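What follows is a set of notes on a single structure, which appears directly below.
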Amino acid sequence: MLGNPNRARLVKIATFNVNGVNGRLPVLLRWLELAQPDIVCLQELKAPDERFPERAIRDLGYEAIWHGQKSWNGVAILSRVGEIHETRRALPGDLDDSHSRYIEAAVNGVLIAGLYLPNGNPRPGPKFDYKLRWFDRLHDHLSELVGLDAPVVIAGDFNVMPTDLDVYAPGRWRDDALFAPEVRAAYARLLEQGWTDALRALHPGEPIYSFWKYWRDSFQRDAGLRIDHILLNKPAAARLVAAEVDRRPRAWQKTSDHAPVWIELADRPKRTRRPKGDA
DNA sequence: ATGCCCTTCTGTGAAGGA
């Protein structure tokens, strides 16, 4: 491929739990300019629809769709690489669910879902039950997306650490709603549908975190959790060339407790290596 | 075992977060 003038273009797709899109607007804008993502899923807007800072985001070249609510939750998709064709703004399966936690759109030939899975604490309790029900609904819906011929990218705050490698102190989190056996099993069942956990696929065996509590100098001590994930169906996974956590914004003043996670996809499948002796 | 810290709201402490 050296010197190939037709080298594949890349699209950079990120997810960022901003923990308040208005309180964190300077951080978000600074990060957009620094990181130059093409498509971004945001979570925890904590703002009603009419208070989404559309103009400031548009001034940086992004169009956006969002699904907010007062005080809590809220998700958005930004794009600077073409129109956002919204396909849904709620997870099916519960018409009474009032939480704004899911948004989905076709952008530039990729189906993008942005989600904010319930926290679920305390466990046990109704919030934990709601988390497991939400997971069931997600499982049902993603079963219909995983087999699409187009690349599908599921990005967001899943509020799950999938394995011990994703927790600074696994022993202390065993009974927590983010790490409990039922929740890790629910995440594993999702992957069994055929999704690739992009960060883990490119960094096997390595501790990776995307969240650090505000307390006790957690970031300075790197006492973190990996709860922000990007899942890829097979057509998307075949184009995956990079996946990283951008830790830089976590060190800024007045910042989110999450760091952005991002991937790069080639605009066509990577060339697969042929087995030796293949004609 | 708990608090720690931070957000939001017509708030002035409470609730939710993870």
Side-chain angles (χ1 to χ4, degrees), chain A residues 15-31 41-53 66-76 97-102 114-135 155-184 186-187 199 207-229 245 247 249-261:
Chain A
T15 177
F16 191 8
N17 180 324
V18 289
N19 189 10
V21 72
N22 287 304
R24 228 59 89 174
L25 189 58
V27 166
L28 173 60
L29 298 178
R30 179 180 173 188
W31 174 73
C41 296
L42 300 177
Q43 303 88 37
E44 281 210 84
L45 304 179
K46 293 187 171 182
D49 280 341
E50 62 272 21
R51 292 201 57 220
F52 184 81
W66 59 92
H67 187 199
Q69 77 183 73
K70 190 169 130 185
S71 298
W72 313 119
N73 310 316
V75 287
D97 187 357
S98 60
H99 294 204
S100 298
R101 297 182 176 274
Y102 187 89
L115 65 84
Y116 175 46
L117 219 136
N119 174 302
N121 276 307
R123 168 184 175 268
K127 290 184 179 177
F128 190 68
D129 296 341
Y130 174 63
K131 180 177 196 169
L132 293 182
R133 286 201 311 275
W134 210 93
F135 239 127
D157 177 356
F158 284 68
N159 269 317
V160 181
M161 298 86 87
T163 72
D164 283 4
L165 270 181
D166 306 309
V167 194
Y168 68 98
R172 296 185 186 178
W173 288 84
R174 296 276 177 226
D175 297 325
D176 191 276
L178 280 68
F179 198 49
E182 311 92 294
V183 172
R184 276 183 287 154
Y187 186 84
L199 259 180
I208 312 170
Y209 309 134
S210 64
F211 167 90
W212 300 260
K213 286 186 290 190
Y214 289 120
W215 313 340
R216 286 191 160 187
D217 299 320
S218 294
F219 186 59
Q220 288 75 10
R221 294 185 295 115
D222 201 21
L225 310 173
R226 188 172 75 98
I227 55 179
D228 301 277
H229 307 303
V245 177
R247 297 167 68 111
R250 186 60 183 80
W252 297 347
Q253 297 298 309
K254 297 283 289 177
T255 198
S256 172
D257 38 7
H258 295 250
V261 175

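Chain identifiers are assigned alphabetically (A, B, ...) following the order of the sequence lines, protein sequences preceding nucleic acid strands; residue numbering begins at 1 within each chain. Basis for what follows: all heavy atoms, side chains included, without hydrogens, waters or symmetry-related copies. What you see is a predicted model, and the numbers here were worked out from it, not measured in a lab.
- Under 4.0 angstrom from either OP1 or OP2 of B:dT10 there lies at least one side-chain N or O belonging to A:Lys70.
- Aromatic rings of A:Trp173 and A:Phe179 (six-membered ring for Trp) have centroids beyond the 6.0 Å cut-off, not under it.
- Put simply, A:Arg172 has no side-chain N or O that comes within less than 4.0 Å of OP1 or OP2 on B:dT2.
- For the pairing with A:Asn17, the side-chain hydrogen bond (donor to acceptor under 3.5 Å, both in side chains) check across A:Gln43, A:Glu44, A:Arg24 returns one residue only, A:Glu44.
- Both A:Asp257 and A:Gly20 lie near DNA chain B, and the one whose nearest nucleotide falls closer to the 5' end is A:Gly20.
- Taking the P atoms as reference points, B:dT10 lies 15 Å from B:dA15, given to the whole Å.
- Nucleotides B:dA1 and B:dC6 are separated by 26 Å at their P atoms, to the nearest Å.
- Remark on DNA chain B: of its neighbouring residues A:Leu178 and A:Ala47, the 5'-side contact belongs to A:Ala47, judged by nearest-heavy-atom nucleotide.
- The phosphate of B:dG3 (OP1 or OP2) has no side-chain N or O of A:Lys213 nearer than 4.0 angstrom.
- Look at the P atom in both B:dT2 and B:dG13: the space between them is 25 Å, to the nearest Å.
- A heavy-atom distance below 4.0 Å to DNA chain B is reached by these residues of residues 214-223 of chain A, ordered by number: A:Tyr214, A:Trp215, A:Arg216.
- When the C1' atom is compared between B:dT7 and B:dT12, the two are found 16 Å apart, to the nearest whole Å.
- Between the C1' atoms of B:dG16 and B:dG11, the separation comes to 15 Å (whole Å).
- Backbone-only engagement by A:Lys127 is indicated by non-hydrogen atom pairs under 4.0 Å involving sugar-phosphate atoms exclusively.
- In this structure, A:Asn17 reaches the sugar-phosphate backbone alone: every heavy-atom distance under 4.0 Å involves primed, P, OP1 or OP2 atoms, never a base.
- A:Asp157 comes within contact range of the sugar-phosphate backbone alone, with a heavy-atom separation under 4.0 Å but no base atom that close.
- Every side chain to side chain donor-acceptor pair (under 3.5 Å) that A:Arg174 has, sequence neighbours left out, goes to A:Asp164.
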